[in-house]
There are 2 protein chains.
Amino acid sequence: MFNIDLNNDKVVHKKALGRGLDVLIPEKEKRRGFVNIEIEKIIPNALQPRKNFAPDELSNLAASIKEKGVLQPIIVRSKGSKYELVVGERRYRAVKSLGLSVIPAIIKELSDRDMLEMALIENIQREDLDAIEKAEGFLKLMNDFGLTHDELARHVGQSRTSVTNTLRLLKLPHRIKKGISYKKINMSQARTLLGLKSEHEQIQMYERILENPLNVRDLEEMVSDIQITLDPKSVTRKKRKKDPQLGLLEDELREIWGTKIVVRGNNKKGRIEIHYYSLDDLDRILKQLKRLSP
Amino acid sequence: MFNIDLNNDKVVHKKALGRGLDVLIPEKEKRRGFVNIEIEKIIPNALQPRKNFAPDELSNLAASIKEKGVLQPIIVRSKGSKYELVVGERRYRAVKSLGLSVIPAIIKELSDRDMLEMALIENIQREDLDAIEKAEGFLKLMNDFGLTHDELARHVGQSRTSVTNTLRLLKLPHRIKKGISYKKINMSQARTLLGLKSEHEQIQMYERILENPLNVRDLEEMVSDIQITLDPKSVTRKKRKKDPQLGLLEDELREIWGTKIVVRGNNKKGRIEIHYYSLDDLDRILKQLKRLSP
DNA sequence: AAAGCAATGTTTCACGTGAAACATTGCTTT
DNA sequence: AAAGCAATGTTTCACGTGAAACATTGCTTT
C-alpha cells in the first residue's frame, strides 16, 4: 500500500474526483518536506496512461504559477539518478511551458504495485461510473491488492459502510444490476431490495417498482414490513440508540392510538410523529387531539 | 439560440456533465434525420478549443464502433463544401482511427454565436466549479446572449428556479460569497441567508454559523423566525398548497397544545408532527397523549 | 470454551440539493 | 385603470446519497 495518506475530508475528496490524486496530499506535506528538483531530471510516468488536459486549463495554471509560484509540490519517486513523475502532471507541464528550471517536489518511495493501485483508484473515481461499475472496480481493487473494505474506504475517500454497501450490490440478481446501470432504479432502492431474502422476491418487488415508482423511504418501509410479517420475532432488532424507556412509551402510545407513533429528535428539540394511513385515520386523530383540554 | 433541443431528463443531464454535449440530442434525432458524411469532408471545430481524451477511452470507443457501428450520429454544420464538427469529437476520432470512410451525422445550421454559447455552457458544466463560479457563468451567459432565466435553465438542463436561485447568490456580501468558494458554508445555507434583509444581519448570522454550524433546515427555521419577529404580519404568506381548512385546524391545535403542530402528507398517508423544544415539553406532551383514552 | 476483536453485513436516517410552491414586479393589452 | 401575463424573486420540502447505528461472523487469544 502506498503511504500517501488519503485525506478523508469531504471537501478535499469532492475535489479529488474532479482533479486527480494531487489533492490527496495532507495539508502539512504541502508546507514542508519538499525539495526543489530540476525539471530535466523528471521523467514522465511509465505506468500511468499519459493524460491530456484542455489547453486553456493549462495556460490558466501557468499564469497562476507565474504570478504566485508553484503553490503545491508535485510528487515524484526516484528512478536511478532521475525522478519519475507520480502526481502533478498539470503543474509539471505548466512549469515546463514557462521555461522554469526547477519545481518543488516531494520524493516518495513508491513501488510499481503502489502506482498501479493509484491508477486503478483514479480510474474508479472518474465521475461517470454507475454504482455497479464502481462496485466492480472496488472488487478488483480488493482482489488485486488484498485490501479490506476499511483500507479500500480510506484509499477512495469514502466511509467503510459505503464501500461495503456498494459491494453488496453485486449480490443482486443480474436483472436488477442492469436496472441500476440503465437508471431504472437508483442504488439505494437496489440496496434496499437486498433486504428481501430470495431473488424471486427481490425481482418481484423490482418489477413492482418499475410499474409504479416508490421512493427510497417508502420502499424501505415496505421491505421492512414484509420481513416483519414473514418473521415477527425479527422486530427485536434494537431500537436505534434511543432511550429504551422511550421505545416502550412509543409502544404504549401505539396501543392507545392504534397507529404508529415515533419520537424523533434529541433532548433539546424534536417532534412526535403520529402516522396516519387514510383520510379517516387523520380525521379521527385530529378530532381526538382537539378534544384534549390542557 | 441554437436549436439543439436540450433534453431535460435528469438521467441524461447527469451524463451530460461528464461527457459533453453529445448526449443532449433528443432520442428521436438519434434514430432518423441523419446522413452519412465522408470523413475527409469533416474539418475540426475552429471555435471550440481542441479537446484531449484519455487514449484508452478512445480505443474502447473504437472497439465498440468496430463491433456495433456508430450508434449515435455526430453533429456538424456546413462550411462551404465541407462540414465543421460541432459535437462528437470522440466518435469522429475513433472512426478516423479505424480508417472508416463515412460517419453518420446530423447537419445543423448553427451560427458562430450559437457555437460560442455552446462552448460557454460546456465550460460551466465542468464539474468542479463552485456555486459562485457557476452563478458567474450563468450571468455571463445571460448578458452575452440575452437569455432569460428560463431559456438558460433549458440550455443547461436545470429548472428555472434553480437557475434563479443560483444567480441570487451573487447578491450576497463578498465575505459570504468567499465563504461559499472556500466551503465554509454550502450554497443552500448561503441562499437562506438572503432571507435576512440587511447585509449586516446576513454577515452576523454567517459568523454565527462559522462558530457553531447549523444544518440547512435549522438555519431556514431560524431565519424565518427572525423575520416573523421583526415583522409579525409577514406570517400571512399562504400556507403551502395545503387545504386552508387544515391550516386553521393546525392553528387551533397549536393553541390547545401550546406548541407547533403540522400535518404532513396527502390524503392517503402522512403524519401529524407535534414539535417540542425541551425535555419538559416532550414529557408534558407525551403524558398528555397517554391520558387520552380512545 | 469464552472473551476479544477485526472484518463484514444490514437498516435507518440526517443531510444538502434541486425543484416545486408560492409571491412580486412591471410591462402590455384591453 | 385594470386585467393578463411573462419574468423574476423567495421559501419550503421531497428526494437519494452516504454514513452512522446497529448486527453478525469467524478467527485468535486466553
Side-chain angles (χ1 to χ4, degrees), chain A residues 8 10 13-14 131 134 142 147-153 156-169 171 183 185-197 213-221 223-224 227-228 234-242 262 264-266 270, chain B residues 8 10 13-14 131 134 142 147-153 156-169 171 183 185-197 213-221 223-224 227-228 234-242 262 264-266 270:
Chain A
N8 242 337
K10 240 191 156 181
H13 171 57
K14 231 177 179 172
K134 203 167 144 193
M142 280 187 66
L147 302 179
T148 65
H149 293 184
D150 190 61
E151 291 165 325
L152 184 51
V156 301
Q158 287 198 256
S159 73
R160 197 278 310 168
T161 21
S162 295
V163 166
T164 306
N165 269 328
T166 301
L167 284 164
R168 285 177 71 214
L169 295 176
K171 296 177 185 156
K183 320 280 179 196
I185 56 169
N186 61 50
M187 61 161 211
S188 304
Q189 291 172 312
R191 179 188 57 196
T192 307
L193 289 178
L194 284 165
L196 297 168
K197 293 151 319 317
L214 220 51
N215 68 39
V216 177
R217 246 11 36 89
D218 285 347
L219 178 58
E220 284 170 351
E221 193 175 348
V223 168
S224 155
Q227 296 317 357
I228 291 173
S234 72
V235 191
T236 38
R237 191 185 163 87
K238 217 193 247 156
K239 284 210 192 295
R240 274 260 210 172
K241 175 124 180 175
K242 205 181 290 183
V262 259
R264 241 173 252 279
N266 51 35
Chain B
N8 242 338
K10 238 190 157 180
H13 172 55
K14 229 175 180 172
K134 203 167 144 194
M142 280 188 65
L147 301 180
T148 66
H149 294 183
D150 190 61
E151 290 164 326
L152 184 50
V156 300
Q158 288 197 255
S159 72
R160 197 277 311 167
T161 22
S162 295
V163 166
T164 304
N165 270 327
T166 300
L167 284 165
R168 283 177 73 214
L169 295 176
K171 294 178 187 158
K183 320 282 180 196
I185 56 170
N186 61 50
M187 62 160 214
S188 304
Q189 291 172 312
R191 180 189 55 195
T192 307
L193 290 177
L194 283 165
L196 298 168
K197 294 151 319 318
L214 221 53
N215 69 39
V216 177
R217 240 26 22 96
D218 285 348
L219 179 58
E220 284 172 352
E221 193 175 348
V223 167
S224 154
Q227 296 317 356
I228 291 173
S234 73
V235 191
T236 38
R237 192 183 161 89
K238 219 194 247 155
K239 285 211 192 290
R240 274 261 213 168
K241 177 129 185 178
K242 203 180 291 182
V262 257
R264 241 173 252 279
N266 52 36

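Heavy-atom nearest nucleotides on DNA chain C were determined for Ser162(B) and for Leu167(A), and the one closer to the 5' end corresponds to Leu167(A). If you find the closest nucleotide of DNA chain D to Val216(B) and to Met187(A), the one lying nearer the 5' end belongs to Val216(B). Residue-to-nucleotide proximity on DNA chain D shows that, of Met142(B) and Thr192(B), the 5′-proximal contact is made by Met142(B).
With hydrogens and angles ignored, no donor-acceptor pair under 3.5 angstrom links the side chain of Arg191(A) to the base of dG16(D). Interface remark: the Arg217(A) side chain does not form any donor-acceptor pair with the dT11(C) base, using a distance-only criterion of under 3.5 Å.
Proximity of Asn165(B) to the phosphate of dT10(D): no side-chain N or O atom is located under 4.0 Å from OP1 or OP2. Between Arg168(A) and dT10(C) there is a side-chain N or O to OP1 or OP2 distance below 4.0 Å. A sub-4.0 Å separation between OP1 or OP2 of dG18(C) and a side-chain N or O of Ser159(B) is absent. In terms of phosphate contacts, Arg264(B) brings a side-chain nitrogen or oxygen within less than 4.0 Å of OP1 or OP2 of dC13(D). Considering only side-chain N and O atoms, Thr161(A) lies nowhere under 4.0 angstrom from the phosphate OP1 or OP2 of dA19(D). Taking 4.0 angstrom as the limit, Asn215(B) places none of its side-chain polar atoms (N or O) nearer than this to OP1 or OP2 of dA14(C).
One atom, CG of Leu147(A), and another, C1' of dT8(C), lie 15 Å apart when rounded to the nearest Å. If you measure from atom CZ of Arg160(B) to atom P of dT10(D), you get 11 Å, rounded to the nearest angstrom. The distance between atom CG of Leu152(B) and atom C1' of dA19(C), rounded to the nearest whole Å, is 16 Å. Between Leu169(A) atom CG and dG16(D) atom P there is a gap of 15 Å when expressed in whole angstrom units. Taking atom CD of Gln158(A) as the reference point, atom C1' of dG18(D) lies 8 Å away to the nearest angstrom. Separating the NE2 atom of His149(A) from the P atom of dT24(D) is a distance of 19 Å, rounded to the nearest angstrom. Atom-to-atom, CG of Leu196(B) to C1' of dT11(D) comes out at 13 Å; the value is rounded to the nearest Å. The interatomic distance linking Glu220(B) (CD) with dA14(D) (P) rounds to 12 Å, in whole Å.
When both distances must be under 3.5 Å, the Watson-Crick or G-U wobble mate of dG26(D) is dC5(C). Under the Watson-Crick and G-U wobble criteria, each requiring two contacts below 3.5 Å, nucleotide dA20(D) is paired to dT11(C).
In this structure, Gln189(A) reaches neither bases nor backbone, as no heavy-atom distance under 4.0 Å exists between it and the strands shown. At a threshold of 4.0 angstrom between heavy atoms, the contacts of Thr148(A) are confined to the sugar-phosphate backbone, with no base atom among them. Residue contacts shown for Thr164(B) include a base, since a base heavy atom lies under 4.0 Å away.
Put simply, the side chain of Arg191(A) reaches to within 4.5 Å of the side chain of Ser188(A), judged on heavy atoms. At a threshold of 4.5 Å between non-hydrogen side-chain atoms, the residues Thr192(B) and Gln189(B) do not count as touching. Looking at heavy atoms from C-beta onward, His149(A) lies in side-chain contact with Met142(A) at the 4.5 angstrom threshold. Looking at Leu219(B) and Val216(B), their side chains never come closer than 4.5 Å, going by heavy atoms from C-beta outward.
Distance from the side chain of Ser188(A) is smallest to dT17(D) among dT17(D), dT12(D), dT17(C).
With sequence neighbours excluded, no residue forms a salt bridge (charged side-chain N to carboxylate O under 4.0 Å, His left out) with Lys171(A).
Closest of all the heavy-atom pairs between Thr166(B) and Ala131(B) is CG2-O, 3.9 Å.
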